[in-house]
Amino acid sequence: MISKEVEKILPLVQKPGRYTGGELNSIVKDKNKVALRYAFCFPDSYEIGMSHLGIKILYSAANKREDVWCERVFAPWTDMENEMRKRDIPLYALESGDCLRDFDLIGFTLQYELSYTNILNMLDLAGIPVRAADRKELTPIVVGGGPCACNPEPIADFFDLFMLGDGEEVSDELFDLLVECKKEKVSKEEFLNRAAQIKGVYVPSLYEIEYNDDNTVKAIIPRNNAPEKVTKRIISDLDSVHYPEKFIVPFVEVVHDRVVHEIFRGCIRGCRFCQAGFLYRPIREKSADTVNSQCKKLCESTGYDEISLSSLSTSDYSHLEELMEKLLTWTEDYKVNIALPSLRVDNFSEKLMEYLKKVRRSGLTFAPEAGTQRLRDAINKNVTEEELMNTAWQAFSGGWTAVKLYFMLGLPTETYDDVAGIADLAQKVVNEFYRNPDKPKGKGVQVSISVSSFVPKPFTPFQWEAQDTMDELISKQNHLLSSVKTRKISVSYHKVNISFLEGVFARGDRRLSDVIEYAWRHGCKFDSWDDNFLFDVWLEAFEKCGVDPLFYSSRKREYSEILPWDHLDYGIRKDFLISESKKAYKNETTPHCKIKCAGCGTNMLNGGKCDAMRKSMV
C-alpha cells in the first residue's frame, strides 16, 4: 500500500523492510467503511516497536471492531527520515500508506522518557503541529498511554489526553465517544470535556498548575468539571479480556522475534525502586489453560518456534509448574522452545530446573540488584546471599556455565562498601562453580555483571529521593571496576548522562515541555541510542529555557511536597509509600504479597480483589 514515492527511496536506506508493511497477519480494511481511523504510534524504531507486547494486544483489540481501523506507525530511522524530508514525503501508516494527518486518533505508547523528542519528530514529519494548543480541529486527537503516562507532565503541552492504566477497555470507550462527537460535529473543546469524564482519561488542558516561589508545585486545579483525581483503569479478568490469536510476523529481524505471552499483571514483591511493580498492581493472573491455549494458537498462526512467558517475575506465577506441564505436551512435538525470563533466585526450584533442561539452553539471568545484604534489605529485594549461592549451585549442577547478574548503582543509602559488594558477590558465584563437583567438565564459568544507574520514579517509595549526580555515579562505576579481580567476571554499565536525563523527565513538570521542544528543534531524537544522543544540546536547552535540571533529578523532596503527579491515582496509598520509604532507612523488609498483604491499596481498584491475596490473610 506504500506510494511510488516511498518505493523510490527504499533502495537508499538500511532495512527497507521496516517501511513497507504487508507483513503476515497485518490487517487491512476499507477506510471508507470504518467510522474511526486510529494510528498506533511507537516512538522508536520498527525493531523495538514490533517487539513490544502492548502494541500487539491493542492493535488486535481495536481491529476486532468493524467500525475502527488501527494501523501501525514507527519512527523512521535517520536515513529514512532524511530521504522523506528531502522529497516532502509525510510520515505514513504501514497498512494503508496514508499520512498520519488523515487519522482521527493518533496514539503514542510512552515506554521510556528518552523517546519524547521522537514523538515531536513524528508529529512534525506528518505535518501536524506539535503543541496541542495549535491543533484547533476536532481531529486528529493525540493521545498517550503506557508507563510514562503516570507522570505525563513534561509532555503535557503536546498531548490532548492520556489514558492511565490498562488500555483495552478505556480505548473502546474513547473510540465510542470520538465516533459520537464526529457525528455531532462538536468542537475539540467539547470532546475533551466529555472525554475527561471517562474513568482513566486525563486531559491536561483542563488542569491549571500553580507554583511556589521555590519552583515546587503549589496547587493543581481542575477546570470545567474535570475530576480532582484521575484514577487508572484496570482489567479485572485476564482470562476473558481480548488477547490476539495472531501476531504480525515482521519481514526483518526484531529484538524479540517470537511469541510473547503475558501470564499475569502486577508483582508481589514490592521492591522499593521498581515502578512497574507498583504501577501494574493489583496482581491478576491468567489460568494455565488460557495461557496454554493462546500460546498454541499463536504458534500455529505465526510459525514462531519460541514462546517467552512474560511478566515482572515469571517464577512467582502461581500455576507455573502446571503451565509448563501443559505446554510441554505439544511444544516438544512442535519443536517450540519455551523461554522463562524474570526468574527469582529465591524460588528457583529443582522442578523448574528439570523443566528448563527440556528446552533450549541459554544463559541464566538473575537480579540481586545490590551487592550487600544490608542494601538488599533497604530496597526490599528479599533475596539472600545464601539463596543466590544455592541457585548458582543448582544451575552449575544442571550444566549451565554462564550467569548474568543485574545490579543498580546509586540506590538510596548506598555506600562504597555496597558497591564493592557487587564484585564480591560475583566472585562468590565464580567460586561456587569451581567448588561444584557436578559442574560441566572441561568448561569455565562466565559471570556477567550488568549495572544500571538508579533513577527515582513516581509511585514508588523512593519517589522523594535525590538521584546521584553524574560525578557520583562515575566514581562508583570506577570503584566497581577496580573491585573486580578476575577475568571470569565482566562488567557493563549505562551511560550516566542518559540516566541523568531520564531522572529529570521521570519526575518533571510542565515547564520541561519547552526544554523538550528546544532540544528537538536543535537536532535531538533517538536519545536512548548512544550514537544519536546529543547531551550538549540538552544542556543548552536547559540553559536557554532557564530550567535547572538538578532541581528535578538531584533534589530530595519532603513528604509534604505536592508532586507533579499527585492528581493522578494509581491506587497506591501515599501513606503506604511513605512507610516503605522510612523502612528503607532502617534496613527493614516487607514480606511479599503472598505471605502477608502490606495494604498498598491497589486491590480496591478491583473491588477489593488481588490474586496474591488468595494465599494472604489480611
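Along the sequence shown, residues are numbered consecutively beginning with 1.
- For the pair L105 and P140, the minimum side-chain heavy-atom distance is 4.5 Å or more.
- D79 pairs with exactly one of Q14, M84, K15 by the side-chain contact (heavy atoms from CB on, under 4.5 Å) rule, that one being Q14.
- For the salt bridge (Lys or Arg N to Asp or Glu O under 4.0 Å) with R37, the lone residue among D30, D98, D67 that qualifies is D98.
- Contact check for C70 versus L58: no side-chain heavy atoms found under the 4.5 Å cut-off.
- In this structure, E168 pairs ionically with R265, as a charged nitrogen and a carboxylate oxygen lie closer than 4.0 Å.
- In this structure a side-chain-to-backbone donor-acceptor pair under 3.5 Å is present from R507 to S553.
- A salt bridge does not link E5 with K8: every distance from a Lys NZ or Arg NE/NH1/NH2 to an Asp or Glu carboxylate oxygen is 4.0 Å or more.
- Looking only at side-chain heavy atoms (C-beta outward), L178 and D104 come within less than 4.5 Å of each other.
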- Audit row: E262, S311, side chain to side chain donor-acceptor pair (under 3.5 Å) steps and yes/no: CA-CA 6 Å; E262 179 185 41; S311 72; over 6 Å; no
- Take Y46 and W77 through the ring pair (Phe, Tyr, Trp, His ring centres under 6.0 Å) test and state the conclusion after the steps. CA-CA 9 Å; Y46 178 92; W77 196 249; over 10 Å; no
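- Geometrically, R194 does not engage F191 in a cation-pi contact defined by less than 6.0 Å to the ring centre and at most 45° from the axis.
- Taken to the nearest 0.5 Å, the CD1 atom of I55 stands 12.5 Å off from the CD1 atom of I48.
- Within the 3.5 Å criterion, the main-chain N or O of L279 finds a donor-acceptor partner in the side chain of K232.
- No cation-pi contact links R258 to Y304, judged by a cut-off of 6.0 Å to the six-membered ring centre and 45° from its axis.
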- Message: The test is salt bridge (Lys or Arg N to Asp or Glu O under 4.0 Å); show your working for E502 and K457 and say whether it passes.
- Response: CA-CA 10 Å; E502 180 185 346; K457 295 285 181 112; 3.0 Å; yes
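- For the pair K525 and F533, the cation-pi criterion (under 6.0 Å, within 45° of the ring axis) is not fulfilled.
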- Would F103 and Y38 satisfy ring pair (Phe, Tyr, Trp, His ring centres under 6.0 Å), going step by step from the backbone distance to the final call? CA-CA 6 Å; F103 287 76; Y38 177 29; 8.7 Å; no
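- Between S60 and Y243, the closest side-chain pair of non-hydrogen atoms is not below 4.5 Å.
- Between the Y207 side chain and the A226 main chain, no donor and acceptor come within less than 3.5 Å of each other.
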- Task: Start with the C-alpha gap between K188 and E137, add the side-chain angles, then the distance that decides, and say whether salt bridge (Lys or Arg N to Asp or Glu O under 4.0 Å) holds.
- Result: CA-CA 6 Å; K188 177 180 178 180; E137 302 300 320; over 6 Å; no
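- Between R65 and D176, at least one side-chain N (NZ, or NE/NH1/NH2) sits under 4.0 Å from a carboxylate O, which counts as a salt bridge.
- Using a 4.5 Å heavy-atom threshold, the side chains of I209 and V217 count as touching.
- At least one donor-acceptor pair closer than 3.5 Å links the side chain of N82 to the backbone N or O of T78.
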- Does the salt bridge (Lys or Arg N to Asp or Glu O under 4.0 Å) test come out yes or no for K544 and E540, once each step is laid out? CA-CA 6 Å; K544 293 290 186 181; E540 178 185 308; 5.7 Å; no
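- D305 places no side-chain N or O within 3.5 Å of a backbone atom of V336 that could act as its donor or acceptor partner.
- For the pair D160 (side chain) and I141 (backbone), a donor-acceptor distance under 3.5 Å is absent.
- Between F459 and Y570, the two ring planes are tilted [angle within 30° to 60°].
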- Item | Steps toward salt bridge (Lys or Arg N to Asp or Glu O under 4.0 Å) verdict (E173, R233) | CA-CA 12 Å; E173 293 172 25; R233 293 291 290 268; 2.8 Å; yes
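- Among all heavy-atom pairs drawn from V547 and V515, the shortest one is CG2-CG2, 3.9 Å.
- Between F273 and F454, the distance separating the two ring centers is not shorter than 6.0 angstrom.
- Rounding to the nearest 0.5 Å gives a distance of 9.0 Å between CG of D527 and OH of Y112.
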- Task: In sequence, state the C-alpha distance, the side-chain angles, and the governing distance for Q294 and H261, and then conclude on side chain to side chain donor-acceptor pair (under 3.5 Å).
- Result: CA-CA 8 Å; Q294 292 175 343; H261 202 288; 2.7 Å; yes
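- Ring geometry for Y518 against H522 counts as parallel: the plane angle stays under 30°, on a 0 to 90° scale with 60° as the upper cut.
- In this structure, P129 and L123 have side chains that are not in contact, with every pair of non-hydrogen atoms separated by 4.5 Å or more.
- The number of heavy atoms from other shown groups lying within 6.0 Å of NZ (K297) does not exceed 12.
- Considering R85, R131, R101 in turn, R85 is the only one that fulfils the salt bridge (Lys or Arg N to Asp or Glu O under 4.0 Å) rule with D124.
- Contact record, C99 with P90: SG-CB, 3.6 Å, taken as the closest heavy-atom pair.
- Between the side chains of W520 and N118, no donor-acceptor pair of N or O atoms lies under 3.5 Å.
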- Task: Decide yes or no on side chain to side chain donor-acceptor pair (under 3.5 Å) for D509 and Y552, but give the supporting numbers first.
- Result: CA-CA 9 Å; D509 55 41; Y552 299 103; 2.9 Å; yes
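- With hydrogens and angles ignored, the 3.5 Å screen pairs no side-chain donor or acceptor of R510 with any backbone N or O of P152.
- When all heavy atoms of V260 and L53 are compared, the closest pair comes out as O-CD1, 3.6 Å.
- Heavy-atom neighbours of E189 CD from other residues, nucleotides or ligands within 6.0 Å: at or below the threshold of 12.
- Considering all non-hydrogen atoms of both residues, H256 and S51 come closest at N-OG, 2.9 Å.
- For the pair D166 and R284, the salt-bridge criterion is met [side-chain N within less than 4.0 Å of a carboxylate O].
- Between the S554 side chain and the L550 main chain, no donor and acceptor come within less than 3.5 Å of each other.
- Around the CD atom of E543, the shell of radius 6.0 Å holds no more than 12 heavy atoms that belong to other residues, nucleotides or ligands.
- With contacts defined as side-chain heavy-atom distances shorter than 4.5 Å, the pair Q467/V455 qualifies.
- Screening K29, R72, K31 for a side chain to side chain donor-acceptor pair (under 3.5 Å) with E95, the sole residue that qualifies is R72.
- Shortest non-hydrogen contact noted between Y92 and I2 is CE1-CG2, 3.9 Å.
- With values rounded to the nearest 0.5 angstrom, K286 atom NZ is found 11.0 Å from L309 atom CG.
- Closest heavy-atom contact between L312 and A276: CD1-O, 3.5 Å.
- Residues S96 and E71 form a side-chain contact, since some pair of their non-hydrogen atoms from C-beta on lies under 4.5 Å apart.
- Remark: side-chain polar atoms of D44 are not paired, donor with acceptor, to backbone N or O of A75 under 3.5 angstrom.
- Remark: the backbone N or O of Y493 is not paired with any side-chain donor or acceptor of Q477 at under 3.5 angstrom.
- The aromatic rings of H52 and F42 are tilted relative to each other, their planes meeting at an angle between 30° and 60°.
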